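Scroll down for the structure; my scribbles are underneath it.
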Number of protein chains: 2
Amino acid sequence: MNDVARLAGVSQTTVSFVLNDVEGANIPPETKDRVLAAVKELDYRPNALARGLRSSQTHTIGFVTDRIAITPYAVRTLEGAQDLAWANGYLLLLVNTGGDQRLKQIAVDMMLERQVDGIIYATMYHRPVKPPANMLEVPAVLINCYTDDHSIASVVPDEVLGGRTAVETLLQKGHRRIGFALDSNPVPAAVGRLVGYKQALAASNIPFDPNLVQTAESIASGGYQATMALMSLPDPPTAIFCYNDRMALGAYNALRDLNLAIPDDIAVIGFDNQELIAADIAPPLTTMALPHYEMGQWGVQYLLQLIENPEQTQQNPPIQHILPCPLIERASV
Amino acid sequence: MNDVARLAGVSQTTVSFVLNDVEGANIPPETKDRVLAAVKELDYRPNALARGLRSSQTHTIGFVTDRIAITPYAVRTLEGAQDLAWANGYLLLLVNTGGDQRLKQIAVDMMLERQVDGIIYATMYHRPVKPPANMLEVPAVLINCYTDDHSIASVVPDEVLGGRTAVETLLQKGHRRIGFALDSNPVPAAVGRLVGYKQALAASNIPFDPNLVQTAESIASGGYQATMALMSLPDPPTAIFCYNDRMALGAYNALRDLNLAIPDDIAVIGFDNQELIAADIAPPLTTMALPHYEMGQWGVQYLLQLIENPEQTQQNPPIQHILPCPLIERASV
DNA sequence: TTAAATTACTAATACGTATTAGTAATTCCT
DNA sequence: AGGAATTACTAATACGTATTAGTAATTTAA
């Protein structure tokens, strides 16, 4: 900046004023042009460290996650966050901790050392978390997770509505006996979708039959087992709602082994919209999409509000935002 | 640091010496303990901006990519890079540009403003690139891509060896007529794998039959078409090598429609090891894995060498590292 | 015993910016 | 015409650290 000032024949202060477009500085256009010309001439690039040191903001956001790539579609959270940050002139500082609590602590410390303006904490599965305490030294938002006391702003998918929508889709096609191949782990997604399943049935005055809910591991083999169990019922379902697309893939395998055609003999609906599975199998799978990209966007957008407008944004208790899961119609219903 | 110094009854210089373990500073253990106690007492955390400003290194690496999430398994590149950076006390500053050349330029500028110690440029598909010129102001490494003049260090997968290994696997099982469902785009992966296909045949003295190579779009429907074309040959193959797992999924669909059993009637081998597809379909798909995680690791590891040991590491011409694609045996061969 | 070397520190400074408090010179108002 | 207001700047400083060049006090070597 001093070099630029010298070349333009002004002071470093003036250069700073010009580059930051400081109002009330009264720099006439000719001077501005001279400075800008010098900037171009010298190929000057500001030093964000010095700027950050002086103004104590870095336009950088820390993004902490337990495991980036374990579920591919969840990477879209990162993408949504990155896109929105980028659109606002922010960059993301990334750490995935692999789930180790001590690492999380250290990760946040490293980010705080680098003076991030805020921190996003995202999990790949929807679940409760205990984020490291030091995270609260700056504005923070949780994505796809929440603390039990809801003391931190968060975004999560609407599992209940998602489950209800899936089942309502089947009901609308005339199905009355609807099986549910459910994750045996009582994670928030499983609990919520089951609530939605029951809500939809109740709204159509269909009694809940516990035999129609078969739990298993939430992978293809689990979907296979659950489907086999459902189809061996004395009064088997005409449609199966699968907890996720992996289980739906298992259901496809099972129904093929039973010589049942989808969707003619039996309808299948999934959850997650894992494109590589859902769009490519035969027939293409109708499924519910998780709003990962949108959660990433919302998280960063809200974080930026917290950063730039703390008083107006901060709510008490902190906001818990819920995003719907859109239905992706293909050919399996 | 001044607060710590005051509490410990020493100068800020001494605190700096203690915290950085400066050799030749001759700080006796008692003084060290006093300083460390003050650090703990005050919960002191160094300011990385000030440190970076003074010492001109930030322990931060820029990671630029065209599109993070388009191919889920490719996210493992990011994961490998992040893990190795983390292990060495570095953090990753992330941008995905969506492929816009101007954005790349700006992205790199934003990273340079933040004084990154080096830059990784990664693409999700193996291909030639023209990285922005300003990237070379700091040490740089390309992952899964290369410049035509090979003027920048890079890591790429060994497509030729991968193709050869896939075909050799089929040859070893006794197959003599091996179809190839190939991407119709002449991208490096397609070209390389075809070379490997020919090499393997030649090594077994099997003449190359152009009819056995059917090109199509590298998605499930393309795999379906190519498989149908291959199987309607007067002398159809007994095994099909698919350019990628998505095409293999299409091949599965086609073979099912033809009432052919895998692997009894016909063997199928894929490429990419997209776990969600390969492991979950019936039968599980034998495929070649791309070394994404390893490329990410190698890229950062080499970049750190470039940063910390420029003279010893720098080669002329720059190193072009090639990583093998391991065979993942499942049940389709 | 005394000069030289070592030990255990500290004062001062630079890194590159943003910002505050000013100051001449000009313009405006009555 | 003369004071007030405005314009167009600049000098100086602080942000928090790492590093250089020292300096007293103590220990060692001859």
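A, B, ... follow the sequence lines: proteins, then strands. Residue 1 opens every chain. In this text the structure is predicted, and so the values were computed from the model without any measurement.
One finds the CG atom of B/Leu142 at 5.0 Å from the CE atom of B/Met135 (value rounded to the nearest 0.5 Å). We find the OG1-CZ distance between A/Thr58 and A/Arg51 to be 11.5 Å, quoted to the nearest 0.5 Å.
Between B/Lys130 and B/Asp149, no side-chain nitrogen of the basic residue sits less than 4.0 Å from a carboxylate oxygen of the acidic one, so the salt-bridge criterion is not met.
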Step by step, would you call B/Val108 with B/Ile119 a side-chain contact (heavy atoms from CB on, under 4.5 Å)? CA-CA 8 Å; B/Val108 170; B/Ile119 292 186; 3.8 Å; yes
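A/Tyr121 pairs in a side-chain contact (heavy atoms from CB on, under 4.5 Å) with only one of the listed residues (A/Val129, A/Val141, A/Thr147), which is A/Val129.
At a threshold of 4.0 angstrom between heavy atoms, the contacts of B/Val22 with the nucleic acid are absent. The residue B/Ser56 sits apart from the nucleic acid: no heavy atom pair falls under 4.0 Å.
No donor-acceptor pair under 3.5 Å is formed between the side chain of B/Arg127 and the backbone N or O of B/Thr123.
Evaluation of the side-chain hydrogen bond (donor to acceptor under 3.5 Å, both in side chains) rule for B/Asn47 yields no partner, not counting sequence neighbours.
Taking for each of A/Ser16 and B/Thr13 the nucleotide of DNA chain C with the nearest heavy atom, the 5'-most of the two is the partner of B/Thr13. Taking for each of B/Leu53 and B/Phe17 the nucleotide of DNA chain C with the nearest heavy atom, the 5'-most of the two is the partner of B/Phe17.
Across its full length, the helix from C/dT1-D/dA30 to C/dT30-D/dA1 shows an angle of 40° between the axes of its 5 terminal pairs at either end, rounded to 10 degrees.
A 4.0 Å heavy-atom criterion places the boundary nucleotides of DNA chain D facing chain A at D/dT7 to D/dG16, written 5' to 3'.
Taking the centre of each ring, A/Tyr90 and A/Trp86 stay at or above the 6.0 Å mark.
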